[in-house]
Number of protein chains: 2
Amino acid sequence: MGTTQAARGNGVAVADAPEPKYWHLRTVLVRALDSEFQAGEVLPNERDLSARFGVARATLRQALDQLELEGRLVRRRGIGTLVAAPRMGVPVAETAGRDSWRIVDAGYAPAPAAVATTLGIPADEPVHAVRRLRMMHGQAIGAETLYVPDAVVPHVPAIFAKSSIADSSRARSVLRQLQRLELDGESRTVELGVAEEEQARMLERPPGTPVLVLTTRYQAQGGTAAVAVSTYRADMCRLTFGASGVVDVTPAAPAAEVRTAS
Amino acid sequence: MGTTQAARGNGVAVADAPEPKYWHLRTVLVRALDSEFQAGEVLPNERDLSARFGVARATLRQALDQLELEGRLVRRRGIGTLVAAPRMGVPVAETAGRDSWRIVDAGYAPAPAAVATTLGIPADEPVHAVRRLRMMHGQAIGAETLYVPDAVVPHVPAIFAKSSIADSSRARSVLRQLQRLELDGESRTVELGVAEEEQARMLERPPGTPVLVLTTRYQAQGGTAAVAVSTYRADMCRLTFGASGVVDVTPAAPAAEVRTAS
DNA sequence: GAGTGGTCTAGACCACACG
DNA sequence: GTGTGGTCTAGACCACTCT
């Protein structure tokens, strides 16, 4: 047994706690990031780092994966691994600033089963689906699809209503009418997810990117008038709630360029 | 080039979209989970699965990693890979049910730098740190540390105040006084993190487990009276906000046992 | 002891960005 | 072309759980 422990020896291993190498590596790197690096700096490449720490590249990558999940690093294929800027505070206000959204388009098709259930409509009933991007500091940090049943926005022009073609005119029409609605309130949920193909494309990230999934139920007249499913880049965003008046929370970003190009 | 694509051939690869094998695998598995499996069922072991799909075990594991991050699978060393139950809705109410918390202990030491800044106190000033567990369905799904400056709870008995020994009597004393405070409101943030050693231990999970980090600032008299940092298991929790009255959101859990033992 | 997931290795090749 | 991160492989051994 003692032999086993020694043989495995990860350089710091003690018989007491067989800490995985990659986790120990992460700890070392965290300390280095905190003390010796500035946001935007480029780390040595993975092959050099793994050699320096005396581990296989795959093991080093496991540590980097953790740090990327925590938003401490940004890896760019063909470029290198950079130190990330602190996460942005993203307000999820009751009436979230509408100028921070960029409309993409809107379609008219059945919603996902879970959404249809929440809306209290048949699973095969088509609804308006407005897609838009949450912009911050000039870049897309979140993608949202807003599902609105026909009955809630009865005045969408028939030109749009009958067509399933996605366009932004329909989006504006739906949003306009939704804003006029008297809402009783909103309830929200947050959970962890991964970006599927469509969202990944909108966020300009590879599929599988971890995202914070924010689901908003807009209540009106005792029921749910609309549902919004927003996916925010988990590496870049810190969602902020109910900060009445407190809007910022975001450092003025001296090294904003780190996140500028995705 | 065409040769390259064919040689790489992942079984479904088309020249158009060089989709990674592990991502394609995930898609296949998601479909299988949706249609052929019940929560709590055990999947074939990794060696069998990788052979069946004709990939290396590491590649299969990459797909399973994704599914675990999404909360679709639970992997237990020595046991196998199980289909997870749907995530629990965890209310983050203004006055979150106090009986869903289990007090662990409380200490008296300087808070992390970021917390001290928020509280507007010197980084080296000791504060009360109450640690407790969020329980649901009989299991710990979140761990919280509540930081309260001395000035906010002046009536903590001197027996506790002078000692840095962690115990639950101090915790109760601090919580009691905090409840009597008149709060102007609370602001919250949610972001993705990974469980460090201490939290991991409290949650009975390995270090590096992804967690939703919920930071609550309790406002009083124009300032921040206290700060709570809660880490919830990202694989099991869906945080719910402002669901006035709507408390549940959690299925009655016919296969609750899936999550019973961590 | 047998079976499972977790860690680690060494090496190969691919996709992408840049000069 | 060169250098970077991303994917994939085949194999080994460890830690854990159950019988």
Side-chain angles (χ1 to χ4, degrees), chain A residues 1-11 13 15-26 42-51 53-68 73-82 84 200 204-209 261-262, chain B residues 1-11 13 15-26 42-51 53-68 73-82 84 200 204-209 261-262:
Chain A
M1 258 303 218
T3 305
T4 303
Q5 288 290 357
R8 182 144 172 274
N10 57 22
D16 193 290
E19 184 187 43
K21 276 189 188 178
Y22 78 89
W23 184 255
H24 175 252
L25 245 184
R26 171 198 166 272
V42 183
L43 266 58
N45 73 52
E46 297 181 350
R47 290 163 180 87
D48 284 354
L49 278 178
S50 57
F53 288 109
V55 300
R57 189 175 158 222
T59 303
L60 172 77
R61 278 180 62 78
Q62 221 176 327
L64 296 183
D65 285 345
Q66 290 273 355
L67 293 169
E68 197 176 26
L73 295 180
V74 178
R75 292 195 276 188
R76 293 205 210 139
R77 183 191 303 222
I79 304 292
T81 301
L82 316 184
E204 293 172 317
R205 297 252 72 197
T209 301
S262 162
Chain B
M1 261 300 219
T3 305
T4 304
Q5 288 290 356
R8 180 145 173 274
N10 56 24
D16 193 290
E19 184 186 46
K21 276 190 188 177
Y22 77 88
W23 183 254
H24 174 251
L25 245 184
R26 170 197 166 274
V42 183
L43 267 57
N45 72 53
E46 297 181 349
R47 290 162 180 88
D48 284 354
L49 278 178
S50 57
F53 287 109
V55 300
R57 189 174 157 221
T59 304
L60 172 77
R61 279 181 62 79
Q62 221 175 328
L64 296 183
D65 285 345
Q66 290 273 355
L67 293 169
E68 197 175 26
L73 294 180
V74 178
R75 293 195 275 188
R76 293 205 208 139
R77 183 190 300 223
I79 304 292
T81 302
L82 316 185
E204 293 173 318
R205 296 254 75 198
T209 301
S262 163

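As the structure is a computational prediction, the values presented were derived from the model and not from experiment. Heavy atoms only: backbone and side chains are in, while hydrogens, waters and symmetry mates are out. Order of the sequence lines sets the chain letters (A, B, ...), proteins ahead of strands, with each chain counted from 1.
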What integer distance in Å separates [X]:[atom1] from [N]:[atom2]?
X: B:His24; N: D:dT7; atom1: NE2; atom2: P; answer: 16 Å
X: A:Arg205; N: C:dA15; atom1: CZ; atom2: P; answer: 19 Å
X: B:Leu49; N: C:dG6; atom1: CG; atom2: P; answer: 13 Å
X: B:Phe53; N: D:dC8; atom1: CZ; atom2: C1'; answer: 17 Å
X: B:Leu60; N: D:dA10; atom1: CG; atom2: P; answer: 14 Å

- [ ] Could you tell me whether the side chain of B:Arg26 reaches within less than 4.5 Å of the side chain of B:Leu67, counting heavy atoms only?
- [x]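 Yes; the side chains approach each other to less than 4.5 Å.
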Open item on the list: Does any part of the side chain of A:Leu64, heavy atoms only, come nearer than 4.5 Å to the side chain of A:Leu73, both counted from C-beta?
Closed with: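 In short, these two side chains touch, coming nearer than 4.5 Å.
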- [ ] Could you work out which one of D:dC8, D:dT9, C:dT7 sits closest to the side chain of A:Pro20?
- [x]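 Among the listed nucleotides, the one closest to the side chain of A:Pro20 is C:dT7.
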Task: With A:Asp65 via side chain to side chain contact (heavy atoms under 4.5 Å, CB included) - residues at least two apart - done: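 A:Asp65: side chain to side chain contact (heavy atoms under 4.5 Å, CB included) contacts with A:Arg75.
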TODO: Taking side chain to side chain contact (heavy atoms under 4.5 Å, CB included) as the test, write out the residues that go with B:Arg47, two or more places apart.
DONE: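 Checked B:Arg47 against side chain to side chain contact (heavy atoms under 4.5 Å, CB included); matches are B:Asn45, B:Arg57.
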TODO: May I ask you to evaluate whether B:Tyr22 reaches the phosphate of D:dC8, defined as a side-chain N or O under 4.0 Å from OP1 or OP2?
DONE: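 Checking B:Tyr22 against D:dC8: no side-chain N or O falls below 4.0 Å of OP1 or OP2.
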Open item on the list: Tell me whether the side-chain N/O atoms of A:Lys21 come closer than 4.0 Å to OP1 or OP2 in C:dT9.
Closed with: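 For C:dT9, OP1 or OP2 has a side-chain N or O of A:Lys21 closer than 4.0 Å.
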Open item on the list: Would you compute the distance between atom CG of B:Leu25 and atom CD of B:Gln66 and round it to the nearest 0.5 angstrom?
Closed with: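 Here the rounded value is 11.5 Å.
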Filtered N/O pairs between nucleotides 3-5 of chain C and protein, under 3.5 Å:
unit_1	atom_1	unit_2	atom_2	d
C:dG3	N2	B:Gly78	O	3.3
C:dT4	OP1	B:Asn45	ND2	2.9
C:dT4	OP2	B:Asn45	ND2	3.0
C:dT4	O2	B:Gly78	N	3.3
C:dG5	OP1	B:Thr81	N	3.4
C:dG5	OP1	B:Thr81	OG1	3.2
C:dG5	OP2	B:Glu46	N	2.9
C:dG5	N7	B:Arg47	NH1	3.1
C:dG5	O6	B:Arg47	NH2	3.1

Open item on the list: Any side-chain to backbone donor/acceptor pair from A:Ser50 onto A:Glu46? Under 3.5 Å, distance only.
Closed with: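 Flag set: sc A:Ser50 to bb A:Glu46 pair under 3.5 Å.
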